[in-house]
Colleague: 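Here it is, the structure, as structure tokens.
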Amino acid sequence: MCGIVGYIGSRQAYPIIIKGLKRLEYRGYDSAGIALIDGDLKVYKKKGKVAELEEILIGKDLQGNVGIGHTRWATHGEPSDRNAHPHISNSNNLSMIHNGIIENYVQIKNELLKNGYSFSSDTDTEVLLNFIEDIKENNNSTLEEALRFALKRIVGAYCILLIDKDDPQTIIAARKGSPLVIGIGKNEHFLASDASPIIEYTKEVVYVNDYEIAIVRADELILKNLGNEKQTPFITKLDMELAAIEKSGYDHFMLKEIFEQPQTIYDCLRGRLDAEKGTITMSGIQQYAEQIINANRIIMIACGTSWHAGLVAEYIFEELCRIPVEVEYASEFRYRNPVINKGDVIIAISQSGETADTLVAIETAKEQGAIILGVLNVVGSSIARKSHAGAYTHAGPEIGVASTKAFTAQLAVLTMIALKIARAKNTIDEERYFLLCKELMEIPDKVALVLKQNDNVKALAEKYKNADDFLYLGRGYNFAVALEGALKLKEISYIHAEGYPAAEMKHGPIALVDENLPVVFVATKDSYHQKIVSNMQEIKARKGKVISIITEGDVVSPTLSDDVIILPTADEIVAPMLSVIPLQLLAYYIGIAKGYDVDKPRNLAKSVTVE
Ligand code: G6P
């Protein structure tokens, strides 16, 4: 949450920072701001999106070879100009941006108030900044020393960039819990929350670790730990192309990412699954195969859409591997003192690899002896670095706030892991194993066929865009898809939607059904198909509007449905990768029809790095 960018070198900092902020806007867009040093310290900030900041900057003095910029998802203090970052210290010399939360800020603020400090915002960030200044002034210390001291006192998470008018050759950065990447150029450095603002300029980056401070100058990068010991920066080469973070002719990132799915799923399978030979090569999983096979249980930990992927995987793992699986919301798991036994296998599922709750949950489980495997999209992310091993989803950067291609890639990876373990454990017969490998390999082409339904789904969106509520129902493997469909609609079109197991609706939600309620059935052919058809009948009998997602050849469901979307046949285990696609499109087109910013839905942020 919150995106931060910094630049120091011989170019003008402003254009680099503003472009970087636009790339990071998915992390939050409540307000944006920028600080530049060019003799003077100049700070500009504005409530709203980066484009609104840009507007007020026309004609302003934007000179400077050093600068920091911020796009905010509000935690402390409402979204407003005054709460926007960067903040300025009481002396007007220091300026700082921050991604994270300082939990003990009230106590520190009270101390500072007693020392005569005043505050012009409601943020924890301004408190930390003045705390640093207070230490610097009172102890006659350098900014770096004061920062180090302050960081030892504070409780919480942070990634901060700090500049000092009196030392325009330096940006000081520090992180704990919130990500920071530093790009290394020729006599210049770029700092950002992720690599997307950096790849245009350099592919050599350093991922800063927790509890490290970076002293960044044009020609120098010094890393230290909080004990003031120098650390060797580990330079990584970025494996990402600029085109991957641009819209490539699509109106929105969300649509681009939905349409990328045949390719992203293929990229995820490529080099791993050989359907003809029946081999699945996943070195990280192979390394821990014995432990997974012998595990008494597997716990999937995730949030949001990734949690839904975990829920589908629960069904797949239990069916194929005969290992009990629990799927946990990271936020609940981490606080409820869960029972973790040595040898429990935890699979952390996360697109960003930065979700704070998931990160802390796995840290806790790791301390208690669990094996942590990550199913992650962002290479080098915090969760990746905390996991024992895992498998990347290779879906490429996902920028639309509502997750789409990451979900299907997670399903592809989780299915491969389940198949690999099931075969090694002997819980799947060879015929079924080979069939499922083949089915999985065919998914990219089948997704391309589903995407051909784009215009049909668009027409459905037009027809149902004014509904106040939606119900999404599914059974078995499609239950989690129903939840995901409802989540997509809520996120993008702000229509209230509930996902439910189809049979369970008789225990409550069926009371909502009348002639105005659209009910989306995720009803592709599976072992429970007859059951869900009965559920359709129950909705029809109460005059609900039935929209069903079905498999070709199904002649019964259309007779009970007001509208149908027909998908190619697929085994029930891989079908969620197909059945979710029309639901993603439906949410997208309803959001568009209602005139909303689908890539940046209100109140949301893509990377939730605060708990
Ligand atoms: C946010 C995003 C969701 C995402 C969830 C988990 O809420 O808006 O799209 O599913 O975080 O994120 P992760 O990066 O851990 O998958």
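Order of appearance sets the numbers: ligands from 1, and atoms from 1 within every ligand. Quick note: residue numbers are just sequence positions, from 1.
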Colleague: Using side-chain heavy atoms (C-beta onward) and a distance below 4.5 Å, is Leu24 in contact with Ile4?
Modeller: no
Colleague: Is Arg297 salt-bridged to Glu326, going by a charged N under 4.0 Å from an acidic O?
Modeller: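 Judged by the 4.0 Å cut-off on N to carboxylate O distance, Arg297 and Glu326 do form a salt bridge.
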Colleague: State whether Asp210 and Lys386 are salt-bridged, where the test is any N-O pair (Lys NZ or Arg NE/NH1/NH2 against Asp/Glu carboxylate O) under 4.0 Å.
Modeller: yes
Colleague: Is ligand 1 under 4.0 Å from a heavy atom in the side chain of Ala605, in the backbone, in both, or in neither?
Modeller: backbone
Colleague: Please list the nearest protein heavy atom to atom 5 (C) of ligand 1 with its residue and the distance rounded to 0.1 Å.
Modeller: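 For atom 5 (C) of ligand 1, the nearest protein heavy atom comes out as Cys303 O, 4.0 Å.
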Colleague: Near Ser403, which atoms of ligand 1 are under 4.0 Å from a heavy atom of that residue?
Modeller: 9 (O)
Colleague: Under 3.5 Å between some N or O of ligand 1 and some N or O of Val401?
Modeller: yes
Colleague: What is the nearest protein non-hydrogen atom to atom 15 (O) of ligand 1, stated with its residue, atom name and distance?
Modeller: Thr355 OG1, 2.4 Å
Colleague: If the plane angle is over 60° it's perpendicular, under 30° parallel, otherwise tilted; pick one for Trp307 and Tyr329.
Modeller: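 Parallel, since the angle between the ring planes stays under 30°.
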Colleague: Is atom CG of Asp239 surrounded by more than 12 heavy atoms (other residues, nucleotides or ligands) closer than 6.0 Å?
Modeller: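 Check fails, neighbour count at 12 or below.
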Colleague: Run the numbers for me: atoms of ligand 1, each under 4.0 Å from some heavy atom of Ser350, listed by number.
Modeller: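 Heavy-atom distances to Ser350 below 4.0 Å select 13 (P), 14 (O), 15 (O), 16 (O).
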Colleague: Any ion pair linking Lys488 and Glu484 (charged N to carboxylate O, less than 4.0 Å)?
Modeller: yes
Colleague: In terms of ring plane angle, is the pair His85 and His70 parallel, tilted or perpendicular, where the classes change at 30° and 60°?
Modeller: parallel
Colleague: When you compare ligand 1 with Gln410, is there at least one nitrogen or oxygen pair between them that comes in under 3.5 angstrom?
Modeller: no
Colleague: Counting C-beta onward and ignoring hydrogens, is there a side-chain heavy-atom pair between Ile581 and Leu451 closer than 4.5 Å?
Modeller: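 A side-chain contact exists here, since the closest heavy-atom pair is under 4.5 Å.
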Colleague: Where is the nearest protein heavy atom to atom 10 (O) of ligand 1: which residue, which atom, and how far?
Modeller: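 Of the protein heavy atoms, Thr305 N, 3.0 Å lies nearest.
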Colleague: Nearest to atom 7 (O) of ligand 1, what protein heavy atom do you find, and at what distance?
Modeller: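 Here the closest protein heavy atom is Val608 CG2, 3.9 Å.
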Colleague: Give a yes or no on this: more than 12 heavy atoms of other residues, nucleotides or ligands lie within 6.0 Å of atom NZ of Lys203.
Modeller: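 Yes, enclosed.
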Colleague: Quick check: Ala402 and ligand 1, any N/O pair under 3.5 Å apart?
Modeller: no
Colleague: Write out the residue and atom name of the closest protein heavy atom to atom 14 (O) of ligand 1, then the distance separating them to 0.1 Å.
Modeller: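 Its nearest protein heavy-atom neighbour is Ser352 OG, 2.6 Å.
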Colleague: Give the residue and atom name of whichever protein heavy atom lies nearest to atom 2 (C) of ligand 1, and the separation in Å to one decimal.
Modeller: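 Going by distance alone, atom 2 (C) of ligand 1 is nearest to Lys606 O, 3.4 Å.
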Colleague: For ligand 1, which atoms have a heavy atom of Ser306 less than 4.0 angstrom away?
Modeller: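 Those of ligand 1 that fall under 4.0 Å from Ser306 are 10 (O), 13 (P), 16 (O).
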